[in-house]
Amino acid sequence: MQKKRMVMIPGPTPVVDSIRAEMGREIQAFGDPRFVKDYKELIDDLGKMLNNDGKTFVIAGTGTMGMEMAIANSTKKGDSVLIVSHGFFGDRFIDICTVKGLDVDVIKSEWGKTVPIADIEAKLKEKKYALMTVSHVDTATGVAADIAGIGKMMKAFPETLFVVDGVCATAAEYENMGEMNIDILFTGSQKAFGVCPGIMVLWANAKAMARREALGTIPEYYIDYHRWIPVMDDPLKYFATPAVNLVWAMKESVRIIEAEGGLKARYERHLKHARAIQKALESLGLKILAEESCRAVTLSDVLYPDGVDDMTFRKTLIEEGIICAGGLGAYAGKMFRLGHMGNIETNDIVAVLSTVERTLARVGKLDKLGTAVSTYLTEISK
Ligand SMILES: *Cc1c(COP(=O)(O)O)cnc(C)c1O
């Protein structure tokens with residue numbers, strides 16, 4: 001019998017039927033008035049959802065393109081930037097900023113922890129930074145940054161743009177650009193929006209747009225805000241072909257989020273389930289890399305007990321029915337990363353936890369089945 005296999009990596013995440021149906025629709029011309037209306041509504045709804053007073057860009061691309069677009073439209077060669085890194089994806093900004101000829105300063109935390117806000121503040125006082133980047137959730141460590149707290153502190157540094165990588169956070173962790181003083185935020189469709197990969201959304205507030213204006217021409221083509229502003233204002237205009245079916249899929253995702261009660265309600269659901277999942281994993285004797293005070297709601301990075309081989313564990317997990325990701329960097333081979341974001345529900349999570357239990361039993365690290373499932377169910381019914 002062919003087993004059903006759930007994809008529980010931290011993106012792409014499971015895609016529900018109503019979103020998948022949008023992917024399979026008959027194509028329309030990008031100039032078709034029906035599509036133009038759908039695209040415009042999506043851009044406007046996404047802007048309102050994040051309380052953005054500037055521009056919202058919805059274009060074909062991935063999260064990494066969002067990282068590069070944020071930097072390219074906010075800096076000129078030689079500018080100083082501060083990178084706050086909590087892992088692999090924080091570090092990716094170092095490469096991007098270095099190839100762009102920027103003066104790069106980095107503050108890093110140990111993996112599993114966050115950089116204290118006071119340390120960031122002290123660094124910002126040392127010199128004038130054009131921008132600062134923080135990943136809301138670093139997927140490599142499962143750590144969530146205190147974006148609200150950092151944003152509050154950033155009010156004292158109005159010349160430094162606050163750039164937030166929301167690729168593993170937006171539409172699950174709570175975010176509000178106005179309230180949190182975020183100047184630029186971006187994400188990819190395949191993480192907490194629960195859509196197939198291929199769309200990048202970037203929100204730039206009025207201050208970030210003014211910075212772009214002050215730069216004049218920039219040495220970029222596809223990712224220059226200026227090429228996209230006319231299209232975002234009126235999607236009947238052409239610059240480069242929109243990912244038509246993905247636009248519809250994102251629109252369905254936004255409809256689901258609104259039906260759920262908006263971003264806050266969605267965050268609360270994620271929080272409740274994530275804490276229950278994390279407690280359930282710990283009830284099996286497993287350790288989670290991120291400290292309890294800074295755990296993400298979107299995924300859990302779980303360390304293997306001594307004597308468990310990564311490849312054997314994940315191969316067995318696949319045989320039992322789920323696919324999850326391995327560790328990155330220094331943690332390659334030492335942990336598995338389990339995504340639990342987007343449009344998944346209790347029944348999915350029960351299946352996932354029961355699969356983890358069966359797998360641990362098969363590799364000889366668990367005697368009694370049912371503990372994680374029971375812990376999870378007890379927690380969520382509180
Ligand atoms: C996945 C991820 C990225 C990269 O996104 P791609 O769509 O793979 O380019 C960037 N930042 C974070 C925090 C991520 O989780």
Side-chain angles (χ1 to χ4, degrees), residues 7-15 50 57-72 81 83-97 99 106 108-109 111-115 131-147 150 162-175 182 184-203 222-223 243 246 249-250 253 270 274 289-290 294-301 323-329 331-332 335-342:
V7 176
M8 300 306 291
I9 63 175
T13 57
V15 179
L50 267 299
F57 299 89
V58 183
I59 58 186
T62 77
T64 305
M65 189 180 84
M67 300 172 86
E68 184 161 12
M69 191 165 177
I71 303 295
V81 296
I83 294 162
V84 179
S85 178
H86 297 135
F88 180 87
F89 286 103
D91 288 353
R92 180 167 280 189
F93 272 118
I94 303 173
D95 295 342
I96 294 173
C97 293
V99 298
V106 184
K108 289 190 191 206
S109 62
W111 277 31
K113 298 182 169 137
T114 53
V115 177
L131 64 80
M132 179 179 89
T133 67
V134 182
S135 310
H136 195 161
V137 171
D138 200 300
T139 326
T141 56
V143 156
D146 174 7
I147 296 299
I150 298 171
F162 181 26
V163 176
V164 176
D165 175 347
V167 182
C168 197
T170 309
E173 296 283 352
Y174 184 63
E175 289 168 338
I182 301 170
I184 302 175
L185 174 73
F186 52 84
T187 192
S189 49
Q190 81 275 23
K191 305 246 173 145
F193 277 95
V195 172
C196 300
I199 286 233
M200 189 280 320
V201 186
L202 183 142
W203 296 261
Y222 186 73
I223 58 171
L246 280 168
M250 277 297 281
S253 173
H270 275 85
L289 176 65
C294 58
R295 280 185 190 162
V297 302
T298 49
L299 83 160
S300 298
D301 290 5
I323 296 162
C324 65
L328 294 172
Y331 284 90
M335 67 180 182
F336 67 96
R337 295 180 304 132
L338 180 69
H340 37 75
M341 69 190 110

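Numbering of ligands and ligand atoms starts at 1, following listing order. Heads up: numbering here begins at 1 and tracks the sequence.
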Query raised in the report: Is the Phe186 ring parallel, tilted or perpendicular to the Phe93 ring (thresholds 30°, 60°)?
Result: perpendicular
Query raised in the report: Does a side-chain heavy-atom distance below 4.5 Å link His270 with Met341?
Result: yes
Query raised in the report: How close does the nearest protein non-hydrogen atom get to atom 10 (C) of ligand 1, and which residue and atom is it?
Result: Phe89 CD2, 3.4 Å
Requested in this report: Any atoms of ligand 1 less than 4.0 Å from a non-hydrogen atom of Val137? List them with their elements.
Outcome: 13 (C)
Report summary line: The protein heavy atom nearest to atom 15 (O) of ligand 1 is Thr139 OG1, 2.3 Å
Requested in this report: Under 4.0 Å from a heavy atom of Gly63: give me the atoms of ligand 1 that qualify, with their elements.
Outcome: 5 (O), 6 (P), 7 (O), 9 (O)
Requested in this report: Check whether any heavy atom of Asp138 sits under 4.0 Å from an atom of ligand 1.
Outcome: no
Report task. Determine whether Met65 and Ile223 make a side-chain contact, defined as any pair of heavy atoms from C-beta on separated by less than 4.5 Å. Result -> yes
Report summary line: If you scan protein heavy atoms around atom 11 (N) of ligand 1, the nearest is Asp165 OD2, 2.7 Å
Query raised in the report: Within less than 4.0 angstrom of ligand 1, does Gln190 place any heavy atom?
Result: yes
Query raised in the report: Does Arg337 reach the side chain of Leu328, with side-chain heavy atoms less than 4.5 Å apart?
Result: yes
Query raised in the report: Glu173 and Ile147: side-chain contact (heavy atoms from CB on, under 4.5 Å), yes or no, with the steps?
Result: CA-CA 10 Å; Glu173 296 283 352; Ile147 296 299; over 6 Å; no
Query raised in the report: Does the side chain of Val134 reach to within under 4.5 Å of the side chain of Phe162, using non-hydrogen atoms?
Result: yes
Query raised in the report: Taking N or O atoms only and a 3.5 Å limit, does Lys191 qualify as a polar contact for ligand 1?
Result: yes
